[in-house]
Structures are given as structure tokens and as C-alpha cells.
There are 2 protein chains.
Amino acid sequence: MTIGGIPDHPAECAGINEVLARVGDKWSVLVVMLLRDGPRRFNQLKRDVAGISQHMLTLTLRGLERDGLVTRTVFPTIPPRVDYELTPLGHSLRAPVEALGKWALAHQSAIKAAQRSFDARKNA
Amino acid sequence: MTIGGIPDHPAECAGINEVLARVGDKWSVLVVMLLRDGPRRFNQLKRDVAGISQHMLTLTLRGLERDGLVTRTVFPTIPPRVDYELTPLGHSLRAPVEALGKWALAHQSAIKAAQRSFDARKNA
DNA sequence: CAGGATCCATTGGGATACTG
DNA sequence: CAGTATCCCAATGGATCCTG
């Protein structure tokens, strides 16, 4: 069986699910999007992501780095400085993610309406 | 601040994150894709999704139904029969999701290579 | 400044058993 | 057949404190 031309046999399916899990985690996409205009420092990201704990920012950046989506550059100055920057692979992820974001934006009112309607029916 | 033309101020950003969370959950996307060719019954989905527990299938379908992506139709026969079918909204989600799936498929070998390289550096 | 270490609450999700 | 109910474990993620 295939999914829209995408084979879903064990190996490929698992790979795709891993990617979807990364995209679906709470912060990865947001961080990728904030890096689209160039390198950012750790605390700069921490401020801009607004709401993320430094623990989760660290984990998110490690995950993205491990997947080859982000590079980590340490400047051995005092105080230390670390820049994070999208790799070409990271940049290539932006297009499909933005497509999904636009879908979300375009339909979020419809979704919320559906939720209200569903909840109303449930409470009846 | 905006993300690729998408405003990320509190309200919109939260809405987008909810959608991404749904897409990122373990089963929703898979179920949506399996429904692309028409209605399916509960146990039919349970077989095809291969690996999902009936508990999670139920939760996933309820979530999709609540968001207006799927309709649930009960046929009051014995034994009971319930069909699930994508709504137009559900179908419209396929395009961006498939784009993401194709990205995943296209780059999964690069990602795995990056992971191996990262893990190797770490263990050195 | 950048992050490691630790502790803790919440959630996701699987297994099993039961029901109309 | 299509669920619901219950139990339980693992993963997620936040808060706080500590350090080179």
C-alpha cells in the first residue's frame, strides 16, 4: 500500500514518521522558522521563541543539529558565544512547513468552529 | 514578527501550533492518508494502520472528527457499522502533508547519515 | 552567556478486559 | 463490530539550581 505515491512499508514509513514527529514536536518548527534569516545566538532564540524553557531549547537545538538541519558554532570568547544556523537541508524544510502553516492559518477558524460545534453536540 | 508571511502573534501562533501538534501526533496523518480514497470502517482502519491500538484509533478518529477533518457515520445495523470519511477540509490537508512526506522521503537518507555522523562525533 | 543536572507534573500511548 | 473503561509505563516538557 502506498500513501499518495509514498510507500509506507516498514522502513520508509518509519523514516517518514520520525520526520513528522520532529515537525510535530512543540518547538522544532518554530526554531527552524526563526533561523530562516540567518544565524542566531542561544539567548536570542530563547527570547524570540517566547515561552520555551532553556532546557527544551537545548534539546530542540541538539535534535535539529543531530538531524543535520542546524549547525552549531562555538566562538571561544569570554563570555562564550554560540551561533545556530540552518543548513541547506534545514532551509529546504521551510517550504513544506510553511505550506502546512498556511493551511493552518487558512483553516483555523473553520477548525475552531468545528470544535465548538462538536463540543456543543457532545454536551447535549 | 512574522514567519514566512505568517503572523506569529499569540492567537495565530497558538492556532498553528495546535494544527502542527495534530499533524505531529503519532497517528492522525496516517489515518488521514488511509482515508483518501473514500470511507473506511473502524476495523478496516485498525487493520490497515498496522500497529495502532484500538484505543488510539478511537482517540485519533475522535480528534479528527472534532476538528472537522473526518465525518463519522453510524449504520444502525447488527452488527453495527461505522464509516469514517474525510471532509473537504480533511482532503485539503492532504496536499501540505504529502509535501512534507515527500520531503521526508527525499531527505531521510541524508538525515540518517547526519545522525550517524553526529553520534559518532559524540562518542569520540 | 550557554548549557548541564536534577526533580517533578503532565501527557501519550500500549495492553487488557468488558459491553451493546 | 465498534467501541468504553481501566491500568500502567515511558516520554515530554517545565522549573530550578549549578557551572565553565
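Chain A is the first sequence line, chain B the second, and so forth, proteins listed ahead of strands; every chain is numbered from 1.
A/Gln115 places a side-chain heavy atom less than 4.5 Å from the side chain of B/Glu18.
Summarising the geometry, the separation between CD on A/Glu65 and P on C/dA2 is reported as 15 Å, rounded to the nearest angstrom. Per the geometry, CG belonging to B/Leu57 stands 14 Å off P belonging to D/dC1, to the nearest Å. One interatomic measurement links the two molecules: CD1 of B/Ile52 to C1' of D/dG3, which rounds to 14 Å at whole-angstrom precision. At whole-Å resolution of the value, CZ in A/Arg81 and C1' in C/dA2 are 13 Å apart. For the pair B/Lys122 NZ and C/dG3 P, the computed distance is 16 Å after rounding to whole Å. Atoms CG (B/Asn43) and P (D/dT4) sit 13 Å apart, rounded to a whole Å. At whole-Å resolution of the value, CG in A/Leu59 and P in C/dG4 are 9 Å apart. A straight line from CH2 of B/Trp27 to C1' of C/dG14 spans 10 Å, rounded to a whole angstrom.
Closest to the side chain of B/Pro80, out of C/dG14, C/dA2, D/dC1, is D/dC1. For B/Thr58, counting side-chain heavy atoms from C-beta on, the closest listed nucleotide (C/dC1, D/dT4, D/dC1) is D/dT4. The side chain of A/Met56 sits closest to D/dG13 out of D/dG13, C/dG4, D/dG3. Comparing D/dG14, C/dG3, D/dG3 against the side chain of A/Arg72 picks out C/dG3 as the nearest. Between C/dG14, C/dC1, D/dA2, one nucleotide has an atom nearer to the side chain of A/Pro79 than all others, and that is C/dC1. Closest to the side chain of A/Phe42, from the set D/dG3, C/dG14, C/dG3, is C/dG3. The side chain of B/His55 lies closest to D/dT6 when the candidates are D/dA2, C/dG3, D/dT6.
Interface remark: the A/Gln54 side chain does not form any donor-acceptor pair with the D/dG14 base, using a distance-only criterion of under 3.5 Å.
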Exercise. Kindly indicate, with the supporting measurements, whether the criterion side-chain hydrogen bond (donor to acceptor under 3.5 Å, both in side chains) is fulfilled by A/Tyr84 and A/Arg72.
Key: CA-CA 5 Å; A/Tyr84 292 91; A/Arg72 176 174 182 270; 3.2 Å; yes
Quiz prompt | Intermediate values then yes/no, side-chain hydrogen bond (donor to acceptor under 3.5 Å, both in side chains), A/Arg121 and A/Ser117 | solution = CA-CA 6 Å; A/Arg121 269 201 312 283; A/Ser117 152; 2.9 Å; yes
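Among the atoms of the strands shown, none is found under 4.0 Å from any heavy atom of B/Phe75. B/Lys46 comes within 4.0 angstrom of no nucleic acid atom, judged by non-hydrogen atoms across all strands.
Side-chain N/O atoms of A/Tyr84 include one lying less than 4.0 angstrom from OP1 or OP2 on C/dG3. In this structure, B/Arg40 does not reach the D/dA2 phosphate: none of its side-chain N or O atoms is under 4.0 Å from OP1 or OP2. Phosphate contact (OP1/OP2 of C/dA2, side-chain N/O of A/Arg41, threshold under 4.0 Å): present. Proximity of B/Lys26 to the phosphate of D/dA11: no side-chain N or O atom is located under 4.0 Å from OP1 or OP2.
Checking each of B/Leu93, B/Leu64, B/Val97 against B/Ser28 for a side-chain contact (heavy atoms from CB on, under 4.5 Å) leaves exactly one that passes, namely B/Leu64.
Between B/Asp25 and B/Arg22 there is a salt bridge, with a side-chain nitrogen of the basic residue lying less than 4.0 Å from a carboxylate oxygen of the acidic one. Salt-bridge annotation for B/Asp119 and A/Arg66: present, with a side-chain N of the basic residue lying under 4.0 Å from a carboxylate O of the acidic one.
Of the residues near DNA chain D, A/Asp25 and B/Val74, the one whose nearest nucleotide (by heavy atom distance) lies more toward the 5' end is B/Val74.
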